[in-house]
Protein chains: 2
Amino acid sequence: MTRPKEILVPTTPHVEGDEDIGEINNIVGFHIRLAHGATYRHFTETFSDLELTQKQVSVLWLVDDHPDIAQTGLAKRMRMDRATTMAIINRLQKRGFLVRGKSKTDGRKQTLNLTDEGRQALASAKVAIQEHEKWLQSRFKKKEVEMLIEMLSRIHE
Amino acid sequence: MTRPKEILVPTTPHVEGDEDIGEINNIVGFHIRLAHGATYRHFTETFSDLELTQKQVSVLWLVDDHPDIAQTGLAKRMRMDRATTMAIINRLQKRGFLVRGKSKTDGRKQTLNLTDEGRQALASAKVAIQEHEKWLQSRFKKKEVEMLIEMLSRIHE
DNA sequence: AATTATTGTATGTTAGACTAACTATCTACA
DNA sequence: TGTAGATAGTTAGTCTAACATACAATAATT
C-alpha cells in the first residue's frame, strides 16, 4: 500500500495548462529571494554563537573601514533609510560595539567608531564570514564567483 | 563655490570620490543582500497599488499552480516554516484571496485554493511582475539571465 | 495498542523597513 | 544678512517576516 511518496523538488516545472508569463521559476526576482533566504539562514546558523545578523556585521565592517563615518554615510552605503540605520546602531551601541561622537566639521552629524569590543566582535565575525562564504562559494568556480558578483552589482549598483 | 552636489538616489551608483568599501565587496553574501534589497524595494514600489508583498504574490501564484496544496507543501516550496506560512495565509485569507478547505485524504491537512478575487489579484500581480522583471532583466542579456537564474538556483537548491 | 511523526494553530519575540513628525544645524540665495 | 529649505539625527508607531515553543488532532509506524 505504498503511496507514490510525493517527492517535491521545488525547482520542478509545474505542468498544467500554462498561461501568461510562464512559470514562477523563470522569474529572476523569485530566485533572488530564495537565494537570499538560503544565504540568510546559513548565515544565522553560522553566527548563532556571535549573535550578530548580516546587517550588524556589515555595519561593524563598514564603520571599521570608515572611522568617523556618520549614520547617513552608512545608510547610503547600505541602502537603508535613516530610521532603520538608527535601530541597528542603537542595538550595536547597547552591546558596546560602537560609540557615537560629535562631528567637528558638522554639528548635525555624529561620528561612529568601533570600540575594542566591537573590533574584537568584528574579528570573530570575519572568521565566521569566511566559513559562511566558503559554504556559499563552494558551489562556484572562481570565475563564476566573479561573474555572480558582477551581475548582482548590476542590480544594486 | 558649488559643491559636486552629491545627489543620492537610492538605486543610483554611488560615485563619491572616495575609497572603495574594502574587502567587503568581495563577499558574495553582501552582494546578495544588497541585490535582494534593491529588488525588494523596486518590487514594493511597483506593487504599492496592489498592496501585495513578494511573499504574498509567490503564495498566490503557487496556490494557483497547485490547487488543493496544503500549507506544508507551500512551506516546502518557499522554504518557510509552518508558523510563517500560517501568518501569510491568514493575511491573504482575511483579504478574501484564498480559502482553506478540508483535505479528503488527510484529516490533518487543509487544502488551499484561490477565490475569484484571489485569481483576479494574481492576474494583476502578474502584470506588475512583468514590469518589475523588465526592470530587473534590463541589465542583462538573455543568456545572462539564464546564467544568473542557474547560479542563484545553486544557492537555494 | 502504543509510540512517534506530521499538520495546523496560537502566542510571543526579534530584526528590519518604512512613515511621519520633530529638533538642531547647515546651506543657498533673494 | 536673513530666512527658507535641506540635511542629520531622533522618536514613535506600523507592518512583514522569521523563528521558537507549545498544544491538539490525525496519521503512520512499530
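Every chain is numbered from 1, with letters handed out A, B, ... down the list of sequences.
- Using a 4.0 Å cut-off on heavy atoms, the residues of residues 97-109 of chain A that approach DNA chain C are Asp106(A), Gly107(A), Arg108(A), listed by number.
- The distance between atom OH of Tyr40(A) and atom C1' of dA17(C), rounded to the nearest whole Å, is 13 Å.
- Between the side chain of Arg79(A) and the backbone N or O of Leu34(B) there is no donor-acceptor pair closer than 3.5 Å.
- Between Leu52(A) atom CG and dT14(C) atom C1' the separation is 14 Å, expressed in whole Å.
- Using cut-offs of 30° and 60° for the angle between ring planes, the Phe43(B) and His132(B) rings count as perpendicular.
- Between Thr53(B) and Phe47(B) there is no side-chain heavy-atom pair separated by less than 4.5 Å.
- Following rounding to the nearest Å, Arg95(A) (CZ) and dT14(C) (P) show an atom-to-atom distance of 13 Å.
- Remark: Glu150(B) CD is packed, more than 12 non-hydrogen atoms of other residues, nucleotides or ligands lying under 6.0 Å away.
- A donor-acceptor contact shorter than 3.5 Å links the side chain of Asn113(B) to the backbone of Asp68(B).
- Within residues 83-94 of chain A, the residues approaching DNA chain D are Ala83(A), Met86(A), by heavy-atom distance under 4.0 Å.
- Note on Thr72(A): a side-chain N or O is less than 4.0 Å away from OP1 or OP2 of dA8(D).
- Rounded to an integer number of Å, the gap from Met80(B) CE to dT9(C) P is 14 Å.
- Screening Lys109(A), Arg100(A), Gln110(A), Lys76(A) for a side chain to side chain donor-acceptor pair (under 3.5 Å) with Gln71(A), the sole residue that qualifies is Arg100(A).
- Here the side chain of Thr115(A) pairs a donor or acceptor atom with the backbone of Gly118(A) at under 3.5 angstrom.
- For the pair Gln110(B) CD and dA24(D) P, the computed distance is 18 Å after rounding to whole Å.
- Contact check, Gln71(B) against dT9(C): a side-chain N or O comes under 4.0 Å of OP1 or OP2.
- Going from atom CG of Asp81(B) over to atom P of dT6(C) covers 15 Å, rounded to whole Å.
- Legend: residues meeting ring-ring contact (aromatic ring centres under 6.0 Å, His included) with Tyr40(B), ordered by chain and number and at least two apart, are absent.
- Between the P atom of dA20(D) and the CD atom of Glu51(A) lies a distance of 13 Å, rounded to the nearest Å.
- Distance, Met78(A) CE to dG16(C) C1': 11 Å, rounded to whole Å.
- For the pair Arg82(A) and Arg41(A), nearest-nucleotide mapping onto DNA chain D gives the more 5' position to Arg82(A).
- Residue Gln56(A) has a polar side-chain atom (N or O) positioned under 4.0 Å from OP1 or OP2 of dG16(C).
- Side-chain atoms of Leu122(B) and Trp61(B), non-hydrogen and from C-beta on, do get closer than 4.5 Å to each other.
- Remark on DNA chain D: of its neighbouring residues Thr44(A) and Gly73(A), the 5'-side contact belongs to Gly73(A), judged by nearest-heavy-atom nucleotide.
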